[in-house]
Amino acid sequence: INEVKENLPSVNIGYVIETDGRGFNHVHAVTDGHKESVEKTVNLILIKYIDRSQYRCQIEKINNNGSIISYLKKSGEITII
């Protein structure tokens with residue numbers, strides 16, 4: 001998340017790190033950045049650390065801001081950077 005912020009300094013990011021039933025951590029995040037810029041930046045950062053076949057990244061445009069905030073809050077406290 002910090003590397004994404006460093007690469008997109010004008011973008012606001014709200015995120016929650018969630019642990020699934022298997023004990024694996026994953027991130028849910030929301031941003032006011034353009035989808036294409038965020039997607040490119042996130043993928044460039046992830047491939048520095050993890051082989052592309054070892055992760056799934058899903059970045060979508062949000063159509064209902066209220067629903068996404070409720071969804072994030074279910075997973076824990078939202079951190080905003």
Side-chain angles (χ1 to χ4, degrees):
I1 295 293
N2 289 329
E3 282 190 60
V4 173
K5 182 65 175 177
E6 288 171 12
N7 284 276
L8 298 169
S10 64
V11 169
N12 296 301
I13 302 171
Y15 69 94
V16 174
I17 299 174
E18 181 179 8
T19 304
D20 67 16
R22 301 168 299 161
F24 290 100
N25 292 332
H26 59 276
V27 176
H28 295 276
V30 61
T31 178
D32 59 359
H34 294 285
K35 180 184 180 292
E36 294 79 17
S37 298
V38 172
E39 194 166 35
K40 180 179 176 182
T41 300
V42 168
N43 282 313
L44 286 172
I45 292 167
L46 287 174
I47 62 172
K48 288 181 2 184
Y49 302 102
I50 308 169
D51 182 85
R52 180 67 180 113
S53 65
Q54 299 298 312
Y55 72 89
R56 183 173 67 95
C57 181
Q58 181 177 351
I59 299 174
E60 301 293 338
K61 184 178 183 307
I62 297 171
N63 295 315
N64 185 330
N65 293 336
S67 292
I68 192 65
I69 298 303
S70 296
Y71 180 77
L72 288 174
K73 285 182 176 180
K74 284 178 19 183
S75 299
E77 186 174 333
I78 302 170
T79 302
I80 300 182
I81 56 171

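Exactly one residue among Thr19, Asp20, Val16 makes a side-chain contact (heavy atoms from CB on, under 4.5 Å) with His26. That residue is Asp20. Just one of Val38, Ile13, Val42 meets the side-chain contact (heavy atoms from CB on, under 4.5 Å) condition when paired with Leu8; it is Val38.
Side-chain heavy atoms closer than 4.5 Å link hydrophobic residues (I, L, V, M, F, W, Y) into clusters, and following such links, even through other members, never connects Ile62 to Val11. Cluster membership check: Val27 shares its hydrophobic cluster with Val4, using side-chain heavy-atom separations under 4.5 Å among Ile, Leu, Val, Met, Phe, Trp and Tyr.
Nearest heavy atoms, Lys35 versus Glu60: CE-CA, 4.1 Å. Scanning all heavy atoms of the two residues, the minimum distance from Glu39 to Ile59 falls at CA-CD1, 3.3 Å.
Once rounded to the nearest 0.5 Å, the distance linking CD1 of Ile47 with SG of Cys57 reads 11.5 Å. Between Asn7 atom CG and Asn2 atom CG the span is 11.0 Å, to the nearest 0.5 Å. Atoms CD1 and OG1, from Ile1 and Thr79 in turn, are 9.5 Å apart once rounded to the nearest 0.5 Å. Distance check, rounded to the nearest 0.5 Å: CD1 of Ile78 to NE2 of His28 gives 11.5 Å.
Side chain of Thr31 to main chain of Asn12: a donor-acceptor pair is present (N/O by atom type, distance under 3.5 Å, no hydrogens or angles).
Looking at Lys5 and Tyr15, their side chains never come closer than 4.5 Å, going by heavy atoms from C-beta outward.
In this structure, Arg52 places its CZ atom where more than 12 heavy-atom neighbours from other residues, nucleotides or ligands lie under 6.0 Å away. Within a 6.0 Å sphere centred on NZ of Lys40, heavy atoms belonging to other residues, nucleotides or ligands number 12 at most. When the shell of 6.0 Å around NE2 of His34 is examined, it contains 12 or fewer heavy atoms from other residues, nucleotides or ligands.
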